[in-house]
Amino acid sequence: MPDSRKPQFRPTTTWYEDADKYWKSVKSNNDGMLGGLEYVHEPDIRDSTAFLSKLVSQGKLTSGTSYACDCGAGIGRVSKHFLTAQFDKVDLVEQNSVFLKEAEETNLQEAQAQGKIGEFFPLGLQMFEPAQARYDVIWCQWVLSHLTDEDLEAFLVRCKSGLKDGGLICVKENVARIGYIVDDVDSSVTRATGIYEGVFKKAGLKVMAKQAQTGFPLGLFRVNMWALTPI
Ligand SMILES: C[S@@+](CC[C@H](N)C(=O)[O-])C[C@H]1O[C@@H](n2cnc3c(N)ncnc32)[C@H](O)[C@@H]1O
């Protein structure tokens, strides 16, 4: 018998194509990446930097800070302003090749000249398979809402093998107060904290640290950051 109290999320048959179409209509700039809320850029980068620094200072990230992977990287906003400042080298995974081109040819030119950019993977995360034990941190921000529950779990399982010993998967996502909130416009789903944490557990991951984003205006979704380690 299905449990009618259990929140349900049934992706459409065109779930990924619809998201792809939506993102093809979005401008290749920070405002586009942030859904017209460019003013969240600064507090976003500030809190991500503080979250990572704490992971390092509290001895929770023990593998080091040599290599990160930016998942759902868009035009490279997070890589440019945060990851390349904290890691020696960063790879980018992004399904939209126009965004990746903007990252490579404009936003990350300086970082590239400094040898800080590794590979660009023009792929959906549902197909991405990280190289074994390559990364200290796999950073997933404002993209996991585009994966179905099933693909999210499978993606996280693959990410575990992409981590060095002592490395972490970091997730930064909008969270709903309860259940699932599906957005038909960009083909995404906002999940409640408990739903995310249920998927993390099913993928064999334990929450090492968790922090809410601060300084965003009222009326926006709450944003959580998690650091996850293989159980
Ligand atoms: C809200 S933007 C965030 C971009 C970047 N993480 C940032 O914070 O600036 C979402 C990004 O996820 C990408 N995306 C959507 N679905 C994806 C998928 N299945 N796999 C990889 N990237 C995806 C979009 O093309 C877009 O670049």
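We count ligands from 1, going down the list as the structure has it; atoms in each ligand are counted the same way. Predicted, not measured: the structure shown is a model, and the values here were computed from it.
Residue Leu125 has at least one nitrogen or oxygen atom sitting less than 3.5 Å from a nitrogen or oxygen atom of ligand 1, judged on distance alone. Ligand 1 has no nitrogen or oxygen under 3.5 angstrom from a nitrogen or oxygen of Asn96. For ligand 1, the polar-atom distance check against Arg77 finds a nitrogen or oxygen pair separated by under 3.5 Å. Backbone and side-chain nitrogen or oxygen atoms of Tyr16 are examined, and none is located within less than 3.5 angstrom of a nitrogen or oxygen of ligand 1. For ligand 1, the polar-atom distance check against Ala73 finds no nitrogen or oxygen pair separated by under 3.5 Å.
Relative to atom 12 (O) of ligand 1, the option among Asp20, Val143, Leu34 with the closest non-hydrogen atom is Val143. The residue from Gln126, Met33, Lys172 that puts a heavy atom closest to atom 19 (N) of ligand 1 is Gln126. The closest non-hydrogen atom to atom 25 (O) of ligand 1, taken over Glu94, Lys80, His81, His41, comes from Glu94.
Against a heavy-atom cut-off of under 4.0 Å, Val78 is close to the following atoms of ligand 1: 7 (C), 8 (O). Close contacts between ligand 1 and Phe99 involve ligand atoms 25 (O), 27 (O) [criterion: under 4.0 Å to a heavy atom]. Close approach of ligand 1 to Gly74 (heavy-atom distance below 4.0 Å) involves ligand atoms 27 (O). Of all the atoms in ligand 1, the ones that sit under 4.0 Å from a non-hydrogen atom of Gly72 are 4 (C), 5 (C), 6 (N), 11 (C), 22 (N). The distance from ligand 1 to the heavy atoms of Gln141 drops below 4.0 Å at these ligand atoms: 6 (N), 8 (O). Remark: ligand 1 atoms within the under-4.0 Å shell around heavy atoms of His146 are 15 (C), 16 (N).
Between Phe82 and Trp139, the ring-plane angle classifies as perpendicular under the 30° and 60° cut-offs.
Within 6.0 Å of NZ on Lys116 lie more than 12 heavy atoms contributed by other residues, nucleotides or ligands.
Looking only at atom types and distance, the side chain of Tyr16 has a donor-acceptor partner in the side chain of Asp151 under 3.5 Å away. Of the N and O atoms on the side chains of Asn174 and Thr190, not one donor lies less than 3.5 Å from an acceptor on the other residue. In this model, no donor atom of one side chain and acceptor atom of the other lie less than 3.5 Å apart for Thr65 and Asp136. Inspection of the Trp23 and Asp186 side chains reveals no N or O donor paired with an N or O acceptor under 3.5 Å. Neither side chain, Lys210 nor Thr193, offers a donor N or O lying under 3.5 Å from an acceptor on the other.
Distance check, rounded to the nearest 0.5 Å: CG of Leu228 to CE of Met208 gives 10.0 Å.
A donor-acceptor contact shorter than 3.5 Å links the side chain of Lys172 to the backbone of Asp44.
With a 4.0 Å cut-off on non-hydrogen atoms, Trp142 touches ligand 1 through its backbone as well as its side chain.
Aromatic ring centres of Trp15 and Phe9: separated by under 6.0 Å.
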